Amino acid sequence: MKKWQSLTLIVVFSMSLFGCQNVGQGQENEMSVEIMETFTENDSSNDKITFPTSYENTIENVDFRMDVIIDTDLEEPLVTAKAKMQKVNESQAFQLLFSNNDNYDTYNYEEKDEYGKEVNTGTYVSPEETTLSYGPLSSQMTYMQRDLMPYIRSSFVLDAADERYNANLYSTESQLSFMTRDEAFQIINNALVEMNIECKYDYTGYALDYNSMQSQEYHEDVDGNIDRAQYKNQWSGLDEGYYFCINQIYRGLPLYHVYCEIFSDVADANAPIQAFVSKDGIEYLEIEKVFEIFDEEVGIQLVPMDVIAETVANKYNQILGSSTYEITQAELYYYVDLSSGMGVYDIKPVWIVKGVEKNGQGQHGIQVIIDAHTAKEIIP
C-alpha cells in the first residue's frame, strides 16, 4: 500500500555502519548523438509528445516488451532544477530518539560535508548499544536499537541481489495486531516533522509478522556455517513491526538519486529513508539524503519512446557475446545528478529502463538510465 503526503524528514546517516564512500562519477554515453541530431533540429517545448502505456519492438538482440510508467499528468510541463540537501536538526533528533539514555559514550570526528567543508560528526552509544549518528552530509542520520534489530535483519532481506532475498514473503497490504500500517507510519511522520526535514514522499510498508520472521531467520559463523547460538530463543507477536521504505517525490514523479554514491538500482533496498516501527515505537530510522529543490526552469521537451529504445538497443547490441535482452519497464523519474557539483546538484527528467539479460548461465536484472530530453545514457 502506498500513500502520499507532505512531511518533514530528518536525516543522519552512519557512514561507518554501511561502509559508504563518495566514489560515484557521472558520465553521459555518446552513442545516441546521431539519433538526436535530426530530432533536436525541430525540438520545441510547445510540441506535444504522448507516450503509450506499453511499448513493443525488437532491435537485433534487444526485445522490448515493456510497460511505460508515468505517475504524473504530462499536461504539466517538466522542468530542470537545482537541489541541495536539507539540513538535519541534530538537537531535535537527539531529544526525540536518544534523550532517555542516562549514560552513553560520545564520539566526534571532523569530516567533509557535501560542500567539501570540514564539519563535526557525532555518534552516541548507550551501554545497551543503542546508537545515534549524524553527518557528515547535511541530511544523514542513523538511529538503531540493538535488542530486536539484529534479529529483524537476520529474518528480513530487502536486497534483491542477495541470494537470501525474501522481502516478497512479507505483506505490504495486511495489518498487524498491535496497530495499523497507517498508525505506525504516523509515528515516523511525527518524528520526521520534529526534525525539520520536509518533502513529499511515497512509501512501501512491509508487515513483518513473527511467524514469517521465525521461519526466515538465518545466522552464519565466521566460516559460513549455520550458527545456532545466534538464533532468537523465542519469537512472538511482541516482535512484530512494520518496515518502511520511503522515497521522495518531486512534481508528481519519483525523485531518483544514487544511494550512498554507490548503489544505482531503483529498489526498496536503496530507498533514502528506511525505518522499523514496533509496538514500542521507532526501533530503527536511517535517512540518507533528502533534497530541497529550487531554481526551476520550465519547458523540457521529451523525446519519443522510439528514440529512447534506440539508445537502449545500441548499448546492448554493441556487447559481444550470445546474450539476449528483454526490456520490461520504462519509468519516468526526476534525477538528482550527484556528480554535477558540490552541495548543489542538477535535476532533470530521465527514464529508468529495466529488464533482464539472458544467456547460457541464466538471467539477471539490468537497469539503464536515459536522459528524457537528449536520449543519452547516464552512467552514475
Side-chain angles (χ1 to χ4, degrees), residues 11-20 93 96-98 100-101 103-105 107 122-134 140-171 176 178-179 184 187-188 191 204-246 259-260 263 267-288:
V11 184
V12 183
F13 179 68
S14 173
M15 299 292 278
S16 61
L17 183 63
F18 294 97
C20 296
L96 180 66
L97 297 171
F98 207 82
N100 62 339
N101 293 286
N103 299 310
Y104 54 88
D105 294 321
Y107 303 90
T123 298
Y124 306 97
V125 183
S126 75
E128 297 77 24
E129 296 188 342
T130 294
T131 58
L132 171 67
S133 62
Y134 61 85
Q140 287 186 325
M141 187 205 78
T142 296
Y143 168 75
M144 184 167 66
Q145 297 187 30
R146 297 283 178 163
D147 53 350
L148 182 58
M149 282 309 299
Y151 298 112
I152 299 300
R153 289 183 164 177
S154 72
S155 304
F156 175 67
V157 182
L158 194 59
D159 184 1
D162 191 311
E163 62 181 10
R164 290 194 56 245
Y165 168 78
N166 61 13
N168 59 328
L169 301 180
Y170 296 88
S171 175
L176 298 173
F178 73 96
M179 66 176 62
I187 293 173
I188 298 297
T204 301
Y206 294 87
L208 306 191
D209 64 284
Y210 80 91
N211 284 319
S212 295
M213 288 192 287
Q214 183 175 24
S215 68
Q216 291 297 308
E217 185 179 11
Y218 181 79
H219 299 272
E220 287 184 353
D221 60 22
V222 294
D223 298 317
N225 301 313
I226 294 176
D227 187 355
R228 292 293 178 187
Q230 294 189 55
Y231 277 67
K232 199 175 189 315
N233 289 331
Q234 184 176 2
W235 288 91
S236 74
L238 300 178
D239 304 313
E240 295 184 335
Y242 296 96
Y243 194 99
F244 294 100
C245 302
I246 307 165
Y259 179 86
C260 206
F263 305 105
D268 280 348
N270 295 335
I273 306 159
Q274 300 186 32
F276 179 71
V277 177
S278 73
K279 67 175 183 59
D280 296 321
I282 299 173
E283 303 269 354
Y284 172 67
L285 175 59
E286 183 242 310
I287 310 171
E288 195 247 352

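Throughout, numbering of the chain's residues begins at 1 and tracks the sequence. Since the model is a prediction, treat every value here as computed from it, not as a measurement.
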For Asp147 and Tyr151, run side chain to side chain contact (heavy atoms under 4.5 Å, CB included): C-alpha distance rounded to whole Å, both residues' side-chain angles, the deciding distance at 0.1 Å, then the answer.
-> CA-CA 8 Å; Asp147 53 350; Tyr151 298 112; over 6 Å; no

Met179 and Ile187: CA distance, side-chain angles, deciding distance, side chain to side chain contact (heavy atoms under 4.5 Å, CB included) verdict = CA-CA 11 Å; Met179 66 176 62; Ile187 293 173; 3.9 Å; yes

Audit row: Tyr243, Gln274, side chain to side chain donor-acceptor pair (under 3.5 Å) steps and yes/no | CA-CA 7 Å; Tyr243 194 99; Gln274 300 186 32; 2.6 Å; yes

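With contacts defined as side-chain heavy-atom distances shorter than 4.5 Å, the pair Leu148/Lys232 qualifies. Side-chain atoms of Ile246 and Ile188, non-hydrogen and from C-beta on, do get closer than 4.5 Å to each other. Side-chain contact between Arg146 and Thr131 is present, with at least one heavy-atom pair separated by less than 4.5 Å. At least one side-chain heavy atom of Cys245 sits less than 4.5 Å from a side-chain heavy atom of Leu158.
Atom CG of Asp227 and atom OG of Ser154 lie 11.0 Å apart (nearest 0.5 Å). One finds the CE atom of Met144 at 4.5 Å from the CZ atom of Arg153 (value rounded to the nearest 0.5 Å). Between atom OH of residue Tyr284 and atom OG of residue Ser278 there is a gap of 15.0 Å, rounded to the nearest 0.5 Å. Note that CG of Leu208 is 11.0 Å distant from CG of Leu169, once rounded to the nearest 0.5 Å. If you take CG on Leu132 and CD on Gln145, they are separated by 11.5 Å, rounding to the nearest 0.5 Å. For the atom pair CD1 of Ile226 and CD of Glu220, the computed distance is 8.0 Å after rounding to the nearest 0.5 Å.
Results of the ring-ring contact (aromatic ring centres under 6.0 Å, His included) test with Tyr206 over Phe156, Tyr242, Tyr170 single out Phe156 as the only residue that passes.
Under the 3.5 Å distance criterion, the side-chain polar atoms of Asn166 are matched with a main-chain donor or acceptor of Val157. Although no hydrogens or angles enter the test, the distance criterion places a donor-acceptor pair under 3.5 Å between the side chain of Asp159 and the main chain of Ala161. Checking side-chain atoms of Glu288 against main-chain N and O of Ala271 turns up no donor-acceptor pair under 3.5 Å. Side chain of Asp209 to main chain of Leu176: no donor-acceptor pair is present (N/O by atom type, distance under 3.5 Å, no hydrogens or angles).
Ring centers of Tyr143 and Tyr124: at least 6.0 Å apart, outside the cut-off.
For the residue pair Tyr218 and Gln216, no side-chain donor N or O sits within less than 3.5 Å of a side-chain acceptor on the partner.
Residues passing the ring pair (Phe, Tyr, Trp, His ring centres under 6.0 Å) test with Tyr210: none are found, sequence neighbours excluded. Applying the side-chain contact (heavy atoms from CB on, under 4.5 Å) rule to Ser126 yields the partners Phe98, Asn101, Glu128, Thr130; only residues at least two apart in sequence or on another chain are considered. Qualifying salt bridge (charged side-chain N to carboxylate O under 4.0 Å, His left out) partners for Asp268, counting only residues two or more places apart in sequence or in other chains: none.
In this structure, Phe276 and Met149 approach most closely via the heavy-atom pair CD2-SD, 3.7 Å. Nearest heavy atom pair, residue Met213 against residue Glu240, reads CE-CA, 4.2 Å.
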